[in-house]
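First comes the structure, then the notes that go with it.
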Protein chains: 2
Amino acid sequence: MDVARAAEVHASTASRALNPETRGVVSDETVARVLQVAKELGYRPHPLARGLRTARSLTVGIVVPDLENPLFPPLVRGAEAALGEQGYTLLIGNTDNDAERTRTVVATLAERRVDGLILATTELGGETVAIARDLGIEVVLVNRETSDGSASAIVGDDHLGIGLAIDHLVGLGHTRIGHVAGPARLSTGVGRAVAFRDHLARHGLVADGMVETADWFQVEPGLQAAATLIERVPELTAIVAANDLLAIGALRALREAGLRVPDDVSLTGYNDMPFVDVLQPPLTTVSVPYREMGRLAAQMLLRRLQGQDGEAETVRLPPTLSVRASTAAPR
Amino acid sequence: MDVARAAEVHASTASRALNPETRGVVSDETVARVLQVAKELGYRPHPLARGLRTARSLTVGIVVPDLENPLFPPLVRGAEAALGEQGYTLLIGNTDNDAERTRTVVATLAERRVDGLILATTELGGETVAIARDLGIEVVLVNRETSDGSASAIVGDDHLGIGLAIDHLVGLGHTRIGHVAGPARLSTGVGRAVAFRDHLARHGLVADGMVETADWFQVEPGLQAAATLIERVPELTAIVAANDLLAIGALRALREAGLRVPDDVSLTGYNDMPFVDVLQPPLTTVSVPYREMGRLAAQMLLRRLQGQDGEAETVRLPPTLSVRASTAAPR
DNA sequence: CTGAAAGCGCTAACAC
DNA sequence: GTGTTAGCGCTTTCAG
């Protein structure tokens, strides 16, 4: 260590002076000299060497199924910002929704000795979580949770979000409200469908026969499901879609059926994806604070890494409703 | 190294057997035994230790201005895929378009000893490139280039892309074509405006007075610029927007002016952002292969890291035209 | 073809 | 408060 030589101290003393944690042990004078010299020499610590010694890489991995799905970038961005503040760097892995790739990606990140892992993958048993745990890697889930709640998670409060949409529609006077649900194998699909039924019941409305399930969170399945729904229940005046892509599909189905939005049928989405505000009509949708979720997930992970392990906790962030022009009072 | 012990060879022999590059030096029999044992023991090499010794981290950083801009995720994803295939991992840094943050992010990644850097930041002198070079880090630019062409870059061929849009419109019979240009301080803004003039000239059409510049690649500035343009040139029958957001703004401006798309005025965008195909009308736009660009940037970087430095080269990828319903023959 | 020895840059345990 | 010593896990000379 050339800094040590230049400051005329031993390498270990220099190391202690450079590290805020151990700095207290060194005399103020020495600390000052070392820092001074380090600055002059433009000293940059070598994280690989440090990591080799301390078994901590100051590195966190984030695993997403599909970065091109507009839901994930804000998550990644929020996490990156929070981690950067604490001197951590973010490694990214994309799994293409493939279980096999998920395993490889997690294995790669584990091999890289990430200190922690933020998992945003969708269809994933507790399996991956267990693997990570075995390797001694802290895990925080984001936008999903394990069924047994054994892992810490940051999720949006879907029950509340669907409630916002329904309250809004009921407030406008709608009583025949349908739901284009997401796939039953995804927790978001099921959860929102359950919430839909709960909230209708709360308002004394019937949900039977008002739900049609799309088998994928995509435009085309949304179109299909919505078409089936409006054919079966022609008297409905509003549709709550389980996400924005399904809503876009529903919008098309309605248009193809000769129905106008919102004049004939009101429509709501979920997620507030970029540019749903420029659709025709601009979509009323539930806005989920994804960036904040990424941020919180990172912070929770860091807290756990800094020792305060404690119980696994699940934070459920409240969404808000972005009211736009796709909803109106029924005729 | 427990693998070595179990295989009853020296650690260095095991190391040689495990490394494909040096494997030839070891007897086939020994190689087989070591690989066998390594497999049984589930041996995973420790990249930090290796990196410490070899001064290579098998890590690449990507710097983007704003991951939430839909242009960047495909870039990152393409890069991640290509790097993963070669055993490299991707570190991500977001700069919020801030020069100061760009410096810190690059510094952090450099400190992490990334082997190479993919830079997708927009407004950036050769400064960052120079810094990285000084630190001995290979750099490849993506979606931008330095003015002097000193750094390797993968970019879209904007001149060709604008040509596709104009040829399409001219082919439909349009002769009075306007341009909503992007900001003059961005290379994409200027480049596309120049291309617009070139291609009109090629078709013997006049560009004078047909260009209006938006001062930001956003919906609102697009609306303003388009409004000004159609007021000044009411006889125009088509607008080429310099990007999709500007096109969405133009769509609104046209609608507000009581003009229908494509009946009264045809409209084209640029980038083929997610969901412009679900606009009303679906937008005809120039589709840029961003994922492919990310992929190529990563591959070019890897090639340079593997020694074949050579000259800096700029690859200009041809875009394609996605013809949708926002363009039609003039009345 | 294989073993021995050294060292990448840093930090932790142990002296003094 | 500071120096000494050792070692993280791996690769790379250098011998033999």
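Order of the sequence lines fixes the chain letters, A, B, ..., with proteins taken first and strands second; residue numbering starts at 1 for each chain.
For the pair B:Arg112 CZ and C:dC10 P, the computed distance is 14 Å after rounding to whole Å. The nearest whole Å value for the distance from the OH atom in A:Tyr43 to the P atom in C:dT11 is 6 Å. Between the CG atom of A:Leu18 and the C1' atom of D:dG1 there is a distance of 17 Å, rounded to whole Å. If you take CD of B:Glu111 and C1' of C:dG9, they are 14 Å apart, rounded to a whole angstrom. Residue A:Glu21 contributes atom CD, which lies 17 Å from atom P of C:dC10 at whole-angstrom precision. Remark: P of D:dG3 and CZ of A:Arg5 are 14 Å apart, rounded to the nearest angstrom.
Contact of the A:Thr95 side chain with the A:Val63 side chain is registered, since non-hydrogen atoms from C-beta on lie closer than 4.5 Å.
Checking B:Arg112 against A:Thr89 by side-chain atom types alone, a donor-acceptor pair falls below 3.5 Å. A donor-acceptor pair shorter than 3.5 Å cannot be found between the side chains of B:Thr59 and B:Arg113. A side-chain N or O of B:Thr30 and one of B:Ser27 form a donor-acceptor pair less than 3.5 Å apart.
The neighbour count for A:Arg56 CZ, taken as heavy atoms of other residues, nucleotides or ligands under 6.0 Å away, does not exceed 12. Within 6.0 Å of CD on B:Glu40 lie more than 12 heavy atoms contributed by other residues, nucleotides or ligands.
Sorted by residue number, the members of residues 47-61 of chain B with any non-hydrogen atom under 4.0 Å from DNA chain D read B:Ala49, B:Arg50, B:Arg53, B:Thr54.
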Hey, what are the protein-to-nucleotides 1-3 of chain C N/O distances that come in under 3.5 Å?
residue, atom, partner, partner atom, Å
C:dT2, OP1, B:Ser27, OG, 3.2
C:dT2, OP1, B:Thr30, OG1, 2.6
C:dT2, OP2, B:Ser27, N, 2.9
C:dT2, OP2, B:Thr30, OG1, 3.4
C:dG3, OP2, B:His10, N, 2.9
C:dG3, OP2, B:Thr13, OG1, 2.8
C:dG3, N7, B:Arg16, NH2, 2.8
C:dG3, O6, B:Arg16, NH1, 3.2
C:dG3, O6, B:Arg16, NH2, 3.3

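Between A:Glu21 and A:Arg16, none of the side-chain N atoms (NZ, or NE/NH1/NH2) sits under 4.0 Å from a carboxylate O, so this pair counts as no salt bridge. Remark: B:Arg316 engages B:Glu145 in a salt bridge, criterion side-chain N to carboxylate O under 4.0 Å.
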